[in-house]
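Side-chain atoms are counted along with the backbone in the values below, which use heavy atoms only and exclude waters and symmetry mates.
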Amino acid sequence: MARRLIRPAAACQGCGLVKAGFLGVVSPLHYQRLPYSSSKRGSPGNKYSGCLANLTKEGSHWTGTRSNPLLSLHSSKFVSKRTACLIATGPSPAATEEPEMDHPKEIFLKDYKKPDYLFDTVDLEFQLGDEKTMVTSKIAVSPGNEAGTSSPLALHGCDLKLLSIKINGTELKSDKYTVDPRHLTILTPPAGVFNMEIVTEIYPQLNTSLEGLYRSTGNFCTQCEAEGFRKITYFQDRPDVMAKYTCRIEGDKTLYPVLLSNGNLIEQGDLEGGKHYALWEDPFKKPCYLFALVAGQLECREDSFVTCSGRKVTLRIWTPAQDLPKTSHAMYSLKEAMKWDEEVFGLEYDLDLFNIVVVPDFNMGAMENKSLNVFQSRLVLASPEAATDGDYAAILGVIGHEYFHNWTGNRVTCRDWFQLTLKEGLTVFRDQEFSSDLGCRTVKRIADVSKLRSYQFPQDAGPMAHPIRPLSYIKMDNFYTGQLLFLGAEVVRMYKTMFGASGFRKGMDLYFQRHDGQAVTCEDFYAAMCDANNAHLPNFLQWYSQAGTPTVKVTSSYDEGSQAFSLKLSQEVPPTPGQPMKEPMFIPVAVGLVDSTGKDMPLTSIYSDGRVQTLSNDGHPIFTTVLQFKKNEEEFIFNNVPERPVPSLLRGYSAPIRLDSDLTESDLYFLLANDSDEFNRWEAGQILARKLMFSLVADFQQQKTLALNTKFVDGLRAILRSTSLDKEFIAKAITLPGQGEIMDMMSIADPDAVHAVRTFIKKELAFQLKDDLLAAVTSNRSSEAYAFNHDSVARRALKNTCLAYLASLNEPDVTELALNEYKCATNMTEQFAALAALSQNPGQVREDALLDFYNKWQQDYLVVSKWFALQATSDIPGNVANVQKLLAHPAFDMRNPNKVYSLIGGFCGSPVSFHAKDGSGYKFLGEVVLQLDKINPQVASRMVSAFSRWRRYDETRQALAKAQLEMIISANGLSENVYEIALKSLAA
């Protein structure tokens with residue numbers, strides 16, 4: 001599943017103006033689910049199963065008893081996967097008598113138990129109808145162990161009407177099974193192998209949760225991860241129950257001419273009454289969360305791919321007819337992903353058909369269902385006129401991500417949902433590598449680390465911190481977070497850092513050799529990596545079980561007499577909820593030593609832990625080595641070092657940590673100019689910028705005159721003038737750290753001071769570098785047709801970044817320049833970048849440009865979402881009132897998650913507006929959360945998380961934010977989703 005979380009201003013990606021350090025009120029980049037609240041319930045008399053626990057209905061909302069701490073703290077589903085662009089607006093189901101419900105059950109990793117029963121084959125039949133759908137499942141059941149079992153067979157079920165159940169062809173009497181709102185339990189199943197047939201009735205047109213089978217914009221679609229299959233039929237809805245599936249779909253041929261499911265199409269034909277059918281067979285075992293069905297009026301772009309073994313695979317992308325021209329980039333991305341996976345990992349696609357379906361109403365960004373991937377339209381549809389470079393990059397990465405799941409997630413899946421990071425972290429890593437190979441590796445690494453710092457670091461320091469393999473959960477949806485996705489990918493990357501590309505490939509080969517067709521654990525992957533490389537990584541599994549971002553401190557010394565250079569490392573993992581004490585982590589620290597001429601020194605040997613390690617590479621010099629730092633404190637001594645070097649630490653960001661070194665300002669400027677590791681070159685500039693910003697923030701708070709360090713200006717000028725550096729790297733290198741990133745590192749966050757300082761630095765740099773910035777804008781114009789390739793993307797990124805700097809001056813000549821760029825732009829990347837540059841400064845020019853843009857694009861809801869986000873994230877004075885007005889804009893819809901994330905989520909990502917000293921931003925969000933909670937508790941819970949770190953601010957802001965949290969938590973009819981986060985935020 002696509003996991004790349006969207007920043008609140010994700011719509012601005014690709015224009016060179018995305019702010020860094022947004023709060024974690026996320027809705028890709030690459031990778032979220034926002035299920036709609038369902039009030040469907042049934043009485044026991046008609047065997048209609050609901051899924052809500054001991055709740056009271058108030059209007060269309062369900063609330064729980066607040067006195068129960070388990071219900072209060074653990075039963076929300078507040079973490080999303082991917083946003084949807086449109087929502088289903090069908091009528092709500094009629095209210096029915098509510099049965100007594102049990103409290104939510106907390107599930108613990110330590111309590112995992114293998115299933116008592118296995119499902120060998122599953123034959124499904126769907127009779128699709130306008131008012132109701134009949135689902136028949138025929139399952140071959142066998143004991144979960146050789147000794148057999150006499151245990152009852154408990155099947156999950158939610159919002160189902162049970163019509164019949166048969167065992168070995170005989171209908172089961174009512175005293176042989178029980179039905180409650182969560183389960184169908186067969187009390188005494190037959191011994192040995194038996195067949196089970198269950199017929200249920202479901203109502204997809206009323207299913208506004210968009211989980212299970214639902215109907216949207218006239219089409220049927222499914223979403224089953226993590227626990228949606230239980231809304232289709234009674235089943236053991238857990239990933240370690242893997243079976244081979246067939247699926248027969250019947251429906252009206254006029255309304256649903258396209259009938260799709262997993263695997264290969266075996267048979268199709270016409271039926272009486274204007275209906276038709278299709279029979280699909282998936283020859284590979286899979287868990288039920290990978291089941292998929294789509295039926296509706298769709299057309300396809302068809303292509304083919306010849307695998308490395310010579311097999312021809314048919315590729316189809318299905319979409320509404322009007323969007324078909326926008327699918328060419330997605331098809332290119334799919335073919336590139338298939339080729340890359342063969343070349344890099346030797347993994348060949350295993351069926352003859354691969355389908356992608358574009359669905360406007362979809363909770364995820366995308367879903368990796370076996371051979372039938374389902375995508376939200378934003379991550380497939382693109383044209384130069386309406387999509388930015390960032391959109392094109394997201395499509396490339398997410399198409400790759402979902403395809404790569406065919407092996408890392410589908411052929412080998414996770415044993416239980418605690419192991420989710422195994423498939424998601426591994427696949428995020430794979431899609432990062434894919435995008436790196438097709439673009440600029442350094443720039444992609446910078447983007448991925450920036451994302452990690454924006455999402456995972458704040459989460460790890462907040463009330464919702466958890467390990468990448470959580471110890472318990474109520475709803476697994478809560479754990480599709482930065483820890484599982486981005487940190488999970490970093491954990492996988494550390495294996496490659498330790499073993500190298502060839503060693504990592506050996507580990508992957510052994511992993512598939514051992515576990516193809518299995519549901520496995522994080523330990524299984526660890527064992528394959530270590531066994532393939534005859535290695536042992538002590539403490540490494542702490543990354544899976546321990547929350548918190550480690551801080552590593554480094555001090556250096558040089559002994560001229562012995563020509564020895566020493567690095568002393570110490571580590572600390574901060575306490576997190578439920579884990580006050582931490583063990584040391586295994587941290588790979590990639591290091592190089594740079595001599596006084598700016599060249600890397602060859603490394604010969606290192607003394608550590610009582611022994612000397614000789615460094616060699618078949619006679620070739622080694623310039624970077626990886627230190628295995630696995631204790632609270634360790635010293636590493638480099639021998640044969642002829643002069644005092646400047647250490648280049650944590651090259652390539654070799655571990656997801658915070659680094660605190662004794663590098664001086666001179667050392668950092670030296671690395672900025674000379675480091676051969678371009679990531680560390682960028683990092684040196686970022687550290688210098690952070691140091692400068694912290695210093696100026698202190699001056700601002702003391703009401704001193706602000707002055708810019710000329711050495712910093714000269715350093716950026718040298719980068720900007722470089723003809724050898726990648727242009728997209730230059731754009732990254734001259735971009736200042738975001739306000740959120742700086743505030744996150746302050747003991748008491750001061751939004752006003754940080755905003756004032758960042759604005760001052762940006763304008764001063766624009767003033768002092770004006771000629772260079774103008775030259776960059778002029779030299780990077782192009783009259784050529786739009787192309788999505790690295791050189792073109794890099795050129796646009798540098799041009800747009802420089803234009804943004806210049807526009808901050810708010811001078812007539814640069815305003816005219818930005819207007820001209822806006823009017824002459826031939827693609828969305830440059831047009832939207834120019835609009836963003838103009839929108840920095842309040843006034844009539846800004847208002848006219850925003851209105852003109854909306855008038856041009858008001859019929860394209862994806863572009864309109866960008867327009868909302870741009871205004872919401874603005875730092876112009878009085879923007880709280882502007883955003884309030886936009887709530888009433890005819891294009892805004894509170895029921896649409898994408899628009900909520902663009903406008904309200906974007907506003908929360910603007911520190912100066914959200915944290916307004918008078919509390920107006922907090923009041924606005926508090927009121928919106930309560931309104932939104934009545935419509936979509938999932939989205940509302942994401943919004944309320946903006947309050948989660950309220951204690952980090954000054955006493956005035958703390959009081960104002962706390963008042964809003966208390967107001968929210970005391971509201972009548974509050975959802976459990978919002979209640980949980982508000983309660984934990986108050987308790988933090």
Basic-acidic side-chain contact under 4.0 Å: Lys444, Glu433 = no
Evaluate the ring planes of Tyr349 and Tyr403, with Trp represented by its six-membered ring, and classify them as parallel (under 30°), tilted (30 to 60°) or perpendicular (over 60°).
-> tilted
Side-chain ion pair, Asp609 and Lys631, N-O less than 4.0 Å = yes
Quick one: do Lys496 and Met529 satisfy side-chain contact (heavy atoms from CB on, under 4.5 Å)? Show the steps, please.
-> CA-CA 9 Å; Lys496 185 180 179 184; Met529 282 290 157; over 6 Å; no
Give the C-alpha distance, both sets of side-chain angles, the deciding distance and a yes or no for side-chain contact (heavy atoms from CB on, under 4.5 Å) between Leu567 and Phe638.
-> CA-CA 8 Å; Leu567 291 176; Phe638 294 79; 3.7 Å; yes
Evaluation steps, salt bridge (Lys or Arg N to Asp or Glu O under 4.0 Å), between Glu523 and Arg469 = CA-CA 11 Å; Glu523 284 83 0; Arg469 180 169 58 183; 2.7 Å; yes
Between Arg505 and Glu343, the two heavy atoms sitting closest are NH1-O, 4.5 Å
Straight-line distance of Lys630 NZ to Glu583 CD, nearest 0.5 Å = 15.5 Å
Derivation and outcome, side-chain contact (heavy atoms from CB on, under 4.5 Å), residues Gln628 and Met498 = CA-CA 9 Å; Gln628 297 188 16; Met498 294 304 306; 3.1 Å; yes
Below 3.5 Å, can you tabulate the donor-acceptor pairs from side chains in residues 611-623 to any protein atom, sequence neighbours excluded?
none

Correct closest heavy-atom pair for Thr421 and Gly488 would be OG1-CA, 3.4 Å
Measure the spacing between OG of Ser661 and CG of Leu649 and express it to the nearest 0.5 Å.
-> 5.5 Å
Heavy-atom pair with the smallest gap, counting every atom of Leu671 and Ala684 | CB-CB, 4.0 Å
Candidate pair Glu342 and Met338, rule side-chain contact (heavy atoms from CB on, under 4.5 Å), full reasoning = CA-CA 7 Å; Glu342 290 184 348; Met338 298 177 78; 5.9 Å; no
What's the spacing between Leu603 CG and Asn639 CG if we round to 0.5 Å?
-> 11.0 Å
For Asp595, which residues count as a salt bridge (Lys or Arg N to Asp or Glu O under 4.0 Å) partner, sequence neighbours excluded?
-> none
Looking at Lys582 and Glu572, does any basic side-chain N land under 4.0 Å from a carboxylate oxygen?
-> no
So, the side chain of Glu728 versus the backbone of Cys440: is there a donor-acceptor pair under 3.5 Å, distance only?
-> no
Does Arg415 pair with Asp524 as a salt bridge, N-O distance under 4.0 Å?
-> no
Do Asp448 and Tyr653 get their side chains close enough for a donor-acceptor pair, meaning under 3.5 Å?
-> no
In terms of ring plane angle, is the pair Phe629 and Phe636 parallel, tilted or perpendicular, where the classes change at 30° and 60°?
-> perpendicular
Salt-bridge contact Glu490-Arg445 (side-chain N to carboxylate O under 4.0 Å) | yes
Which heavy-atom pair separates Glu635 from Ser566 by the least distance, and what is that distance?
-> OE2-OG, 2.6 Å
If you measure from the Lys or Arg side-chain nitrogens to the Asp or Glu carboxylate oxygens, is any gap between Arg681 and Asp677 under 4.0 Å?
-> no
In this structure, CG of Asp559 is separated from CZ of Arg644 (nearest 0.5 Å) by 11.0 Å
Output, in order, the C-alpha distance, side-chain angles, deciding distance and verdict of ring pair (Phe, Tyr, Trp, His ring centres under 6.0 Å) for Phe404 and Phe434.
-> CA-CA 10 Å; Phe404 299 147; Phe434 168 61; 5.3 Å; yes
NE2-CG distance between His405 and Asp431, expressed to the nearest 0.5 angstrom = 8.5 Å
Test Tyr495 against every option in Phe504, Phe540, Tyr511 by the ring-ring contact (aromatic ring centres under 6.0 Å, His included) rule and name the one that passes.
-> Phe540
Distance col, row Arg658:CZ vs Asp460:CG, nearest 0.5 angstrom, shows 9.0 Å
Under 3.5 Å: donor-acceptor pair, side chain of Tyr558, backbone of Val641 = yes
Is the number of heavy atoms from other residues, nucleotides or ligands under 6.0 Å of Lys553 NZ greater than 12?
-> no
Compute whether any side-chain donor of one residue and acceptor of the other, for Gln513 and Asp509, lie under 3.5 angstrom apart.
-> no
Which atom of Pro574 lies closest to which atom of Thr549, heavy atoms considered = CD-O, 3.2 Å
Is the backbone of Pro550 close enough, under 3.5 Å, to the side chain of Gln571 for a donor and an acceptor to pair up by distance?
-> no
ring-ring contact (aromatic ring centres under 6.0 Å, His included), paired with Phe486, selected from Phe429, Phe457, Tyr455 | Tyr455
Looking only at atom types and distance, does a side-chain atom of Trp417 sit under 3.5 Å from a main-chain N or O of Pro239, one as donor and one as acceptor?
-> no
Would you please classify the geometry between the Phe345 ring and the Trp340 ring as parallel, tilted or perpendicular, with 30° and 60° separating the classes?
-> perpendicular
Could you tell me whether the side chain of Gln419 and the main chain of Cys522 form a donor-acceptor pair under 3.5 Å?
-> yes
By salt bridge (Lys or Arg N to Asp or Glu O under 4.0 Å), which residues pair with Asp675, not counting sequence neighbours?
-> Arg651
Grab the two heavy atoms, one from Gly507 and one from Asn533, that are nearest each other, plus how far apart they are.
-> N-ND2, 4.5 Å
